Amino acid sequence: MSNYWLMKSEPDAFSIEDLHALNQSPWDGVRNYQARNFMRAMQTGDQVFFYHSSCPTPGIAGTARVCKEAYPDHSSWDPTSAYFDPKSTPEDPRWFMVDIEFVEKWQKVVTLAELKQSPALSDMILTKKGSRLSIMPVTQEEWDYIIKILKT
DNA sequence: GCCAACGTTGGC
DNA sequence: GCCAACGTTGGC
C-alpha cells in the first residue's frame with residue numbers, strides 16, 4: 001500500500017529531465033517545517049507527482065517514486081551551502097531529505113490552470129489561493145483523477 | 001505571548 | 001517585475 005505526494009521544484013534549478021538524467025536524486029534544501037514533516041512520513045515506494053513551479057506553464061510534469069526514506073539533510077550544516085542553517089547540526093539535525101527516483105516524464109504537462117478548473121480537485125492544498133507549500137499529500141482519488149486528466 | 005517587520009514563494 | 005500570501009524572527 002503506497003501513499004501519494006506532490007513535490008514542487010523550479011525546473012530552472014531541478015527539472016523532471018534532470019531527475020531522468022540522474023535516475024535518482026536526494027530532495028535537499030527543504031526549509032519549511034510542514035514540508036519536512038510530510039517528507040518524514042514518506043515511505044519507500046510512495047508515488048510522487050513532480051510539479052514544475054515558477055515557470056511559464058506551472059503544472060505536473062511527470063511522476064517519481066520515493067526510494068530512500070527521510071535522513072538528515074547534510075547541506076543544512078555545510079557553511080558553504082546555500083541551504084546552510086546554523087541551528088542544524090549533525091548531533092541535532094533540523095532538516096531532512098528523501099531520495100526519489102525517476103518514473104515517467106509525461107507527454108504533456110497537466111497545468112495548474114487545468115487542476116484549478118476541476119471541481120474534484122478543489123480541496124487540494126495546491127489549488128488553494130495563497131498556498132506555497134512545496135510538498136503535500138495527495139489522496140488516491142486526486143491521484144486517479146489527475147491521471148485521468150493526463151489521458152484526455 | 002503578541003505582533004510588526006522582514007524575507008520568500010510563486011502565480012500572473 | 002509586481003505583489004499577495006505566508007512563515008519566521010526578534011523586540012517588547
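Remember, predicted model here, so these are calculated numbers, not experimental data. A, B, ... follow the sequence lines: proteins, then strands. Residue 1 opens every chain.
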In numerical order, the residues of residues 121-132 of chain A whose heavy atoms come under 4.0 Å of DNA chain C are A:Lys129, A:Gly130, A:Arg132
All heavy atoms of A:Thr57 vs all of A:Thr111, minimum pair found to be CG2-CG2, 3.4 Å
If each end axis of the helix from B:dG1-C:dC12 to B:dC12-C:dG1 is fitted on five C1' pair positions, the angle between them, to 10 degrees, is 10°
task: Measure from the side-chain N and O atoms of A:Asp73 to the backbone N and O of A:Gly29, and report whether any donor-acceptor pair falls under 3.5 Å.
output: yes
Given the options A:Leu126, A:Val138, A:Thr139, A:Ile149, A:Leu121 meets side chain to side chain contact (heavy atoms under 4.5 Å, CB included) only with A:Ile149
Criterion side chain to side chain contact (heavy atoms under 4.5 Å, CB included) on A:Tyr51 and A:Met7, from CA distance to verdict = CA-CA 6 Å; A:Tyr51 180 93; A:Met7 300 173 90; over 6 Å; no
The complete set of ring pair (Phe, Tyr, Trp, His ring centres under 6.0 Å) pairs with one or both residues in residues 76-111 of chain A, sequence neighbours excluded, reads A:His20-A:Phe102, A:Tyr33-A:Trp95, A:Phe49-A:Trp106
Taken in chain and number order and not counting sequence neighbours, the residues that satisfy side chain to side chain contact (heavy atoms under 4.5 Å, CB included) with A:Ser9 are A:Phe14, A:Trp27, A:Phe50
In the 5' to 3' direction, the nucleotides of DNA chain C bounding the stretch that comes under 4.0 Å of a heavy atom in chain A are C:dA5 to C:dT9
Those residues at least two apart in sequence (or on a different chain) that pass side chain to side chain contact (heavy atoms under 4.5 Å, CB included) with A:Glu69 are A:Gln43, A:Thr44
*asked:* Check whether A:His74 reaches the backbone of A:Pro90 with its side chain - one donor and one acceptor, N or O, closer than 3.5 Å.
replied: no
Whether the A:Gln140 and A:Tyr4 side chains hold a donor-acceptor pair (N or O, under 3.5 Å, no angle test) is what I'd like checked.
yes
Note: A:Ile135 and A:Met42 closest approach over all heavy atoms is CG2-CE, 3.6 Å
